[in-house]
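Every number for a ligand or one of its atoms is a count from 1 in the order of the listing. Residue indices begin at 1 and follow the sequence shown. The shown structure was predicted, so the numbers you read here are calculated from the model rather than taken from an experiment.
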Amino acid sequence: MYKIFADIILPVPLPRLFTYAVPWDIAENLEVGMRVIVPFGKKKFYSGVVYQLHDNEPQDYEVKEIGTVLDETPVVTITQLNFWQWIADYYMCTLGEVYKAALPAGLKLESETKIHYNTDWEKDEALTQKESQILDILQEKKVASIQELNNLSEIKNALPTVKRLLDKEALFVSEKLKDGFKPRTQKIIGISAKYQKEQMLQNAFSELSRAKKQLEVLMTLLTLIGGAHPENFAKTITRDLLKKKCDPTGAAIRQLVQKGILEETDEIISRLNQSDTQIKELHPLTSEQEKAYTEIKAQYREKDAILLHGVTSSGKTEIYIHLIEEQIKLGNQVLYLLPEIALTTQITQRLKAVFGNKLGVYHSKYSDAERVEVWDDILKKNNYQVIIGVRSSIFLPFDKLGLIIIDEEHENTYKQFDPAPRYHARDTAIVLAAMHKAKVLLGTATPSIETYYNTQIGKFGFVELFNRYEGIQMPEIITSNVREERRKKRMVTNFSPILIDEVKGALAKNEQVILFQNRRGFSPYIECNQCAWVPKCDYCDVSMTYHKHNNQLICHYCGHSYFLPRTCKACESHELETKGFGTEKIEEDVKLMLPEASVLRMDLDTARTRKAHEKIINSFQSGEVDILIGTQMISKGLDFDNVSIVGILNADSMLNYPDFRAFERSFQLMSQVSGRAGRKNKQGKVILQTTNPDNPVILDVINNNFKNHYNEQLAERELFKYPPFYRLVYFTVRHKNNRLAEQVADYFTNYLRSIFDSRVIGPQEPPVSKIQNWHLRKVMVKIEKGASLKKVKELINQAIVASLSHPAFKAAQIQIDVDPM
Ligand code: ADP
Ligand code: ZN
Ligand code: ZN
């Protein structure tokens, strides 16, 4: 008979698919994109996605059968699978890795430890009584969880015994897979079918004449469903409501259900907030916005992607809203990408007001169940036509995508660093759009060099907005030379006199202030004044950041923490001093200097959850808070309308960062933070503290001269062979042993050099050369833009395989980052 096979994507780090036989009884209903459970190796089970069905029987190994099919219809579309394949090829990772990143955890499966009896085991030593007992049970039952074994054996804790038997290989563990996502339900109450007649109801009343409480519940129910008329009898309400009205303990309701008078059922409810927001009309566009809007649509006739370069508050978002509205009318889906969860709150409020329940939100701060619901909704084409989301939302099962908006396209948080796939959501979204024949709009006030370059060579369209809405002027930027001020001893902690004066002035007029410091914690490090000892992380080669509120030193790379020691660990002196400053220190200083002002801090430590984010943004927006202190989290697209002063506390730390993008990023950060200043009818002011007011990047920020900044950066990129002229691939070679890390790195680099010659740079010890006990080396390859990527990647793979299969380097790892940020 003709046999069918399925290639399955499994979440294992092997660069291939796995072929399984499809048993005849499921063959008829199995489709590409469904999830299945398959055995893997000797003892394991995994859940995976069907990638392909075919009849080529693998010749070189024995094929196992698919265990169970989890879906009745595919949860992943063919377009998605093609998209996954593109990501795996381009970013040099496995389909399994893409699968792991793409599906919300609720659609992947959870494991629960189950113990099996190993029928191949041969007893060759005496067993204890407990061991025999456990073995007997399992020989009979074949499989049981540890909990079940505890109960059956009456051994209080069977785990140690099980562990010994596992060591002897008499038992083995398998993962019992269960569906992680269960829909949330609520209890619904109504009159049972039998009692939905007037006569029966009469009978019920007489029957209950002595059960006063139950009678009251029945009467209340009748009122709530609209009165005791036959046309209402089939109506239902929630049990919670009924309980709240008349039966807090629920006892009488239970009795009525037992008597068969009332009936209780489960109803699936959506976890997503379906509140019916009042739908508002779109704002009419101003004439400048209207012109840009028309221009965008005209350019779409020839270009698939357009950059909308508009100063902050020029109304880019208003233009997006008009474009989305148009797509909705066409029945298309729109994806609105944002770089950061912090931004979704404000944009969600604005879009919800216009698109109501057509708007879905998708990001990791939502619970997994909520994400599965968005996924399902889009798959079944129920409600959502507009999705707001961060980078992972490119993985949703769209099928009629008309437009992708990539807001704040320059942000590097669009790039996933760890784990693989190390994809750039902006670049990947452009590929996704092409697969759907959808258009792309990239928006920003500070374009990335790459994107702007694409407009210059004609790959992208280009539209500009020069003016802020309602003619609010661009802020005045004043530099304050902190080196001078320090010398004159005029600094108060980290504040120059002009910054203090301006902040006080704003507060006196009931205006708000934003203070920006790109570093969280209290101080970046602690140093002994006697011997210069600096506390470092035990696992990473990096100094510990001091957090004052809990008196702890925390490693920002791995999270390791311990209490600040009382004395220096090297010389035992008591003179441990905090060095540098983070947001926490700024907060403390401000509170001491301006005790009347109400102050909030927004950084990774205070805004870890969605609720915490929203709370901070809302209380600043509502005016409860006078001063907001934050890291780059506050620089991004947030729109507050009463901020007159912005302080940048230390511009130098950004400019001096050792990276070819340091100037680009500093320009973006400073311009974006400055863009928060300014209100209707009043120009805002930015105080920029630096030791080097003549730095060309600072001058470009002050003059709002993007073009000059771009030209200078582009010239440097060309000279030093960086993007957009060259493509970079970074490699991180890792080993737990430092000497071996160095040896693999040398071996690998030499191999690469034999192929790519002078295009290879490294190996280098990175600034942080040890993270979580892994010793790291960096290697970089620069590839000319015209080169065949496919060929390049084949050769790179060769070098990796050669290095890792070398017998001395078994425990080494090589991570690949294509287009690193
Ligand atoms: P951007 O996205 O360029 O930063 P926004 O779209 O957020 O700019 O606009 C800044 C502010 O001006 C917002 O509060 C927005 O509601 C308001 N605004 C911009 N354009 C209009 C318009 N045409 N009608 C009404 N309000 C507008
Ligand atoms: Zn660490
Ligand atoms: Zn010391």
Enquirer: Do any N/O atoms on K316 end up under 3.5 angstrom from N/O atoms on ligand 1?
Expert: yes

Enquirer: Of F706, Y710, F460, F466, which meets ring-ring contact (aromatic ring centres under 6.0 Å, His included) against H309?
Expert: F706

Enquirer: Just jot down the ligand 1 atoms closer than 4.0 angstrom to any heavy atom of G315, in number order.
Expert: 1 (P), 3 (O), 5 (P), 6 (O), 8 (O), 9 (O), 19 (C)

Enquirer: With backbone taken as N, CA, C and O and side chain as the heavy atoms from C-beta onward, which portion of L285 lies under 4.0 Å from ligand 1: side chain, backbone, both, or neither?
Expert: backbone

Enquirer: Could you give the side-chain donor-acceptor pairs of residues 315-323 under 3.5 Å, partners two or more places apart or in another chain?
Expert:
residue: K316; atom: NZ; partner: G310; partner atom: O; Å: 2.8
residue: K316; atom: NZ; partner: V311; partner atom: O; Å: 3.2
residue: E318; atom: OE1; partner: H283; partner atom: ND1; Å: 3.1
residue: E318; atom: OE2; partner: H283; partner atom: ND1; Å: 3.2
residue: E318; atom: OE2; partner: R350; partner atom: NH2; Å: 2.9
residue: Y320; atom: OH; partner: D407; partner atom: OD1; Å: 3.0
residue: H322; atom: NE2; partner: H283; partner atom: O; Å: 2.7

Enquirer: Do Y453 and T451 come close enough that some side-chain heavy atom pair is under 4.5 Å?
Expert: no

Enquirer: Quick one: which ligand 1 atoms are inside 4.0 Å of a heavy atom on S314?
Expert: 1 (P), 3 (O), 8 (O)

Enquirer: Side chain or backbone of Q289 under 4.0 Å from ligand 1, or both, or neither, by non-hydrogen atoms?
Expert: side chain

Enquirer: On a heavy-atom basis, I'd like to know which of H283, E288, E290, R350 is closest to atom 15 (C) of ligand 1.
Expert: R350

Enquirer: Measuring from the Zn ion (ligand 2), count protein N/O/S atoms under 2.8 Å, please.
Expert: 4

Enquirer: Would you find more than 12 non-hydrogen atoms of other residues, nucleotides or ligands less than 6.0 Å from K291 atom NZ?
Expert: no

Enquirer: Are E326 and K297 close enough for a salt bridge, meaning some N to O gap below 4.0 Å?
Expert: yes

Enquirer: With atoms numbered from 1 as shown, which atoms in ligand 1 lie under 4.0 angstrom from a non-hydrogen atom of P284?
Expert: 22 (C), 23 (N), 24 (N)

Enquirer: Looking at every heavy atom in both I404 and A429, which two are closest together, and how far apart are they?
Expert: CD1-O, 3.4 Å

Enquirer: Tell me whether the guanidinium CZ or amine NZ of K569 lies under 6.0 angstrom from the six-membered ring centre of Y562 and within 45° of its axis.
Expert: yes

Enquirer: Should the pair H709 and F667 be assigned to parallel (<30°), tilted (30 to 60°) or perpendicular (>60°) ring geometry?
Expert: parallel

Enquirer: Provide the number and element of each atom of ligand 1 under 4.0 Å from a heavy atom of T286.
Expert: 23 (N)

Enquirer: So among R422, K778, K415, which one has a salt bridge (charged side-chain N to carboxylate O under 4.0 Å, His left out) with D817?
Expert: K415

Enquirer: I want to confirm something. Looking only at heavy atoms, which of F640, Y469, Y320 is nearest to atom 25 (C) of ligand 1?
Expert: Y469

Enquirer: Can you establish whether the number of heavy atoms outside K303 located under 6.0 Å from its atom NZ is more than 12?
Expert: yes

